Student: 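Before we start, here is the structure in question, set down as structure tokens.
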Amino acid sequence: QVRLVESGGGSVQAGDSVKLSCTLFGGSLANHNVGWFRRTPDQEREFVAAISWTGPGGDTFFTWYGDLFKARFTVSRDNAKNSAYLEIGNLKPGDTAAYLCAGARLPNFKEFGQTYYATFWYDLWGQGTPVTVAS
């Protein structure tokens, strides 16, 4: 069974950093773009970031960020570990949410680059990992 599993969440203090992991079991993440979304306590789902399955070469990939997430959020991946990551620095109480990763298998690169935030690209979803930030 192919499934995405997030980990690394928990209860933290404002100002801390956290690195969330997203691992694919039963398949290869190397041929998926990976997106990160978050669901806030009021159930709103927001696009956070995405990373391409391929890039200019070596360990370089293309990345996209939501407008609110360019300063403190960093997306990365390690295909050898079948995983992608989301690092969040200087955490704030407003970052409290369930963070979900999603996989988009071999999407059209140009089209994906225009609408990377759209959920229709993603056909694999994890259950999410909660991050709670105390002030």
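Owing to the predicted nature of the structure, the values given are computational and were not obtained by experimental measurement.
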Student: Is a side-chain donor or acceptor of T96 paired with a backbone partner of G94 at a separation under 3.5 angstrom?
Tutor: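 Judged by distance alone, no pair lies under 3.5 Å.
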
Student: Kindly state each residue pair satisfying salt bridge (charged side-chain N to carboxylate O under 4.0 Å, His left out) with at least one member in residues 102-113, sequence neighbours excluded.
Tutor: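 Output for this query is empty, none listed.
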
Student: Is there a path from F61 to W53 through hydrophobic residues (I, L, V, M, F, W, Y) whose side chains come within less than 4.5 Å of each other?
Tutor: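 Different clusters: F61 never reaches W53 through Ile, Leu, Val, Met, Phe, Trp or Tyr contacts under 4.5 Å.
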
Student: I'd like to know whether the aromatic ring centres of F47 and W64 sit less than 6.0 Å apart in this structure.
Tutor: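 Ring-ring flag for F47/W64: false, centres at least 6.0 Å apart.
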
Student: How far does OG of S21 sit from CG of L86, to the nearest 0.5 angstrom?
Tutor: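 Here the rounded value is 10.0 Å.
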
Student: Hey, any chance F62 and F37 share a hydrophobic cluster, counting ILVMFWY side chains that come within less than 4.5 Å of each other, even indirectly?
Tutor: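 Looking at the clustering, F37 is in the same group as F62.
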
Student: Please confirm whether the backbone N or O of L24 pairs with a side-chain atom of N82, one donor and one acceptor, at under 3.5 Å?
Tutor: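 Judged by distance alone, yes, a pair lies under 3.5 Å.
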
Student: Linking I/L/V/M/F/W/Y whenever any side-chain heavy atoms sit under 4.5 Å apart, do I51 and Y117 land together?
Tutor: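 No, separate clusters.
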
Student: Might you point out which heavy atoms bring L124 and H32 nearest each other, and give the distance in Å?
Tutor: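 The pair with the smallest heavy-atom distance is CD1-NE2, 3.8 Å.
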
Student: Find out if a path of hydrophobic residues (ILVMFWY) with successive side-chain heavy-atom gaps under 4.5 Å connects L91 to L68.
Tutor: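 Per the 4.5 Å side-chain linkage, L91 and L68 are co-clustered.
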
Student: Given side chains that start at C-beta, do those of P93 and S135 come closer than 4.5 Å, heavy atoms only?
Tutor: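 A side-chain contact exists here, since the closest heavy-atom pair is under 4.5 Å.
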
Student: Check whether V48 and V131 end up in the same hydrophobic cluster, where Ile, Leu, Val, Met, Phe, Trp and Tyr are linked by side-chain heavy atoms less than 4.5 Å apart.
Tutor: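 V48 clusters together with V131.
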
Student: Name the residue from T23, L29, L100 that meets the side chain to side chain contact (heavy atoms under 4.5 Å, CB included) definition with L4.
Tutor: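 It is L29, the one option of T23, L29, L100 that forms the side chain to side chain contact (heavy atoms under 4.5 Å, CB included) with L4.
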
Student: With a 4.5 Å cut-off on side-chain heavy atoms, are Y85 and L20 touching?
Tutor: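 Contact flag for L20/Y85 side chains = no.
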
Student: Which residues satisfy the side-chain contact (heavy atoms from CB on, under 4.5 Å) test with Q43, sequence neighbours excluded?
Tutor: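 With sequence neighbours excluded, Q43 shows a side-chain contact (heavy atoms from CB on, under 4.5 Å) to R39, given in chain and number order.
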
Student: Is the backbone of S11 close enough, under 3.5 Å, to the side chain of T132 for a donor and an acceptor to pair up by distance?
Tutor: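 Answer holds: no.
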
Student: Could you measure the distance from the SG atom of C101 to the OH atom of Y122? Nearest 0.5 Å is fine.
Tutor: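 Interatomic distance, C101 SG to Y122 OH, rounded to 0.5 Å: 11.0 Å.
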
Student: Going by the rule side-chain contact (heavy atoms from CB on, under 4.5 Å), which residues pair with R72 if we only count those two or more places apart in sequence or in a different chain?
Tutor: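 By the side-chain contact (heavy atoms from CB on, under 4.5 Å) rule, R72 matches I88, N90, K92, D95.
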
Student: List the atom of C22, the atom of W36, and the distance in Å for their closest heavy-atom pair.
Tutor: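 Nearest pair, atom of C22 first, then W36: CB-CZ2, 3.5 Å.
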
Student: Do T119 and W125 make a side-chain contact, defined as non-hydrogen atoms from C-beta onward lying under 4.5 Å apart?
Tutor: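 Yes, their side chains come closer than 4.5 Å.
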
Student: Can you tell if the side chain of F25 reaches within under 4.5 Å of the side chain of V2, non-hydrogen atoms only?
Tutor: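 With C-beta onward as the side chain, the pair stays apart.
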
Student: For Y116 together with W121, are the ring centres under 6.0 Å from each other?
Tutor: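 Between Y116 and W121, which both carry aromatic rings, the centre distance is not below 6.0 Å.
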
Student: Sequence neighbours left out, what pairs pass salt bridge (charged side-chain N to carboxylate O under 4.0 Å, His left out) with at least one residue falling in residues 1-28?
Tutor: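 Sorted pair list comes back empty.
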
Student: Might you point out which heavy atoms bring Y65 and F69 nearest each other, and give the distance in Å?
Tutor: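 What the structure gives for the nearest pair is CD2-O, 3.5 Å.
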
Student: Return the set of residues passing side-chain contact (heavy atoms from CB on, under 4.5 Å) with Q127 (not counting sequence neighbours), or none when no residue passes.
Tutor: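 Once residues adjacent in sequence are excluded, Q127 has no partner under the side-chain contact (heavy atoms from CB on, under 4.5 Å) criterion.
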
Student: When rounded to the nearest 0.5 angstrom, what is the spacing between CD in E87 and OG in S76?
Tutor: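 One gets 5.5 Å once the value is rounded to the nearest 0.5 Å.
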
Student: Taking only residues two or more places apart in sequence or in another chain, which ones pass salt bridge (charged side-chain N to carboxylate O under 4.0 Å, His left out) with D42?
Tutor: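 Listed in chain order: nothing, the list is empty.
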
Student: For R77 versus N33, what's the shortest heavy-atom pair and its separation?
Tutor: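 Heavy atoms only, the tightest pair is NH1-CA, 4.3 Å.
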
